[in-house]
Amino acid sequence: MDLLSMREGYQRERIMLCFNGPISRSLIEEIGNALRNYLDTQQATPSAAMDVFAVYIEMTQNIRHYARRQGYDETQASATVAVAQDERGHYQVSAGNLVTLTDGERLVSMIEGLAPLDRSELKVAYKQQLRRPRHADQGSGAGLGILDMARKASRPLQASLKALPDGQGFFSLTATI
C-alpha cells in the first residue's frame, strides 16, 4: 500500500475526512466529533458546519440501519464515507454501501425525482411526507432523511448505483452543502 499516493490523492481531491469499513453507532459518533472539530478549525460558518454534520449523521445512520435490516455481516455492512471541500468552498458529504439492486434502483429513482425541485417544493414535499402514515414494514425514516438532506444541500443530491458481480449493488450518495 502506497500511503503517500493515497495522501496525494486525498489532497488533490480536497478530502478532509475519509473512512472505509464496518460502521457502528460509537464509530459514527467519534467520526462525527472529529468532523465537527475539523470544521471548527477550518472556520466553517456555523450553519454550514451544522448542515455538514447533520447530513453526515443521516447518511451513516441510514447505512447502519439498512445493513441491520438486511442482516448483513460485518464485511457487507461496511460503509465508505468521505467529506471534501470543492474549489468553491462547498462541502461535499458522500457515503456509499452495499444494497440490493432493487433497493438501490428505488433510491436512485427517488433522489433523481427530487433533483428538479426548488427549496419551497422540497419543503412542501417534506411536510407531505411528515404527514403520511408510517407502515411497520417501512424503514423508520420513510424518506424524511433524504428530503431533509436535499433541503440542506445547495445543489441537487447526486446518487449512483453500480451493479456488482454477486448480484448486489454499490449505492453512492453525495450532498453538496
Evaluate the side chain to side chain contact (heavy atoms under 4.5 Å, CB included) criterion for residues Asp51 and Val93: first the C-alpha distance (whole Å), next the side-chain angles of each, then the deciding distance (0.1 Å), finally the verdict.
CA-CA 10 Å; Asp51 288 348; Val93 183; over 6 Å; no
Run Tyr91 and Leu39 through side chain to side chain contact (heavy atoms under 4.5 Å, CB included) and show every step you take.
CA-CA 10 Å; Tyr91 294 98; Leu39 291 169; 3.5 Å; yes
Take Tyr66 and Asp103 through the test side chain to side chain contact (heavy atoms under 4.5 Å, CB included) and record every step on the way to the result.
CA-CA 10 Å; Tyr66 179 81; Asp103 288 343; 2.7 Å; yes
Please walk me through it: do Met1 and Leu3 pass side chain to side chain contact (heavy atoms under 4.5 Å, CB included)?
CA-CA 6 Å; Met1 175 182 336; Leu3 287 179; 3.6 Å; yes
Is there a salt bridge (charged side-chain N to carboxylate O under 4.0 Å, His left out) between Asp40 and Arg36? Walk through the geometry before answering.
CA-CA 6 Å; Asp40 285 346; Arg36 206 181 270 172; over 6 Å; no
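At least one side-chain heavy atom of Phe171 sits under 4.5 Å from a side-chain heavy atom of Ile111. Val83 has its side chain out of reach of Gln92: every pair of non-hydrogen atoms, C-beta onward, lies at least 4.5 Å apart. Between Phe19 and Leu27 the shortest side-chain heavy-atom distance falls below 4.5 Å. Here the side chains of Glu105 and Leu161 are in contact, with some heavy-atom distance below 4.5 Å. Between Leu144 and Tyr126, some side-chain heavy-atom pair lies under the 4.5 Å cut-off. At least one side-chain heavy atom of Gln61 sits less than 4.5 Å from a side-chain heavy atom of Ile28. The closest side-chain heavy-atom distance from Ile31 to Val81 is not below 4.5 Å.
In this structure, Glu121 contributes its side chain and Asp118 its backbone to a donor-acceptor pair below 3.5 Å. At distances below 3.5 Å, at least one donor-acceptor pair connects side-chain atoms of Gln76 with backbone N or O atoms of Asp73. With hydrogens and angles ignored, the 3.5 Å screen pairs no side-chain donor or acceptor of Thr80 with any backbone N or O of Asn20. Checking side-chain atoms of Thr60 against main-chain N and O of Tyr56 turns up a donor-acceptor pair under 3.5 Å.
The NZ atom of Lys123 sits 13.0 Å away from atom CD of Gln128, with the distance rounded to the nearest 0.5 Å. Here His90 contributes atom NE2 and Ile177 contributes atom CD1; the two are 9.5 Å apart, rounded to the nearest 0.5 Å. Taken to the nearest 0.5 Å, the CE atom of Met6 stands 7.0 Å off from the SG atom of Cys18. Between atom CD of residue Gln85 and atom OG1 of residue Thr176 there is a gap of 11.5 Å, rounded to the nearest 0.5 Å. One distance of note links OG1 of Thr102 with CG of Leu107; it measures 11.0 Å at 0.5 Å rounding. With rounding to the nearest 0.5 angstrom, the CE atom of Met16 is 6.0 Å from the CG atom of Leu35.
A salt bridge links Arg155 to Asp86: at least one charged side-chain nitrogen sits closer than 4.0 Å to a carboxylate oxygen.
Side-chain contact check for Gln129 and Arg132: at least one donor-acceptor pair (N or O, by modelled atom type) lies under 3.5 Å. At a cut-off of 3.5 Å, with distance as the only test, a side-chain donor of Ser24 or Ser26 sits close to an acceptor on the other residue. Side-chain contact annotation: Asn97 with Tyr72, donor-acceptor N/O pair under 3.5 Å absent.
Ala153 and Arg119 get closest at one heavy-atom pair: O-NH2, 3.3 Å. Taking all atoms of both residues into account, the shortest heavy-atom contact from Leu101 to Gln168 is CD2-O, 3.7 Å. Scanning all heavy atoms of the two residues, the minimum distance from Ala175 to Val55 falls at CB-CG1, 3.8 Å. Scanning all heavy atoms of the two residues, the minimum distance from Ala159 to Val108 falls at CB-CG2, 4.2 Å. Taking all atoms of both residues into account, the shortest heavy-atom contact from Ala79 to Ile23 is CB-CG2, 4.1 Å. Residues Ala77 and Ala67 come closest through the heavy atom pair CB-CB, 3.6 Å.
Shown here is Arg25, whose CZ atom has no more than 12 heavy atoms of other residues, nucleotides or ligands within 6.0 Å. Remark: Gln11 CD is packed, more than 12 non-hydrogen atoms of other residues, nucleotides or ligands lying under 6.0 Å away. Applying the 6.0 Å contact sphere to CE of Met50 captures no more than 12 heavy atoms from other residues, nucleotides or ligands.
The hydrophobic cluster containing Val99 also contains Phe170, counting ILVMFWY residues as joined when their side-chain heavy atoms lie under 4.5 angstrom apart, directly or transitively. Note on Ile57 and Met149: same hydrophobic cluster, where clusters join Ile, Leu, Val, Met, Phe, Trp and Tyr whose side-chain heavy atoms are under 4.5 Å apart, directly or indirectly.
The only member of Leu157, Leu114, Leu130 that meets side-chain contact (heavy atoms from CB on, under 4.5 Å) when paired with Leu147 is Leu114.
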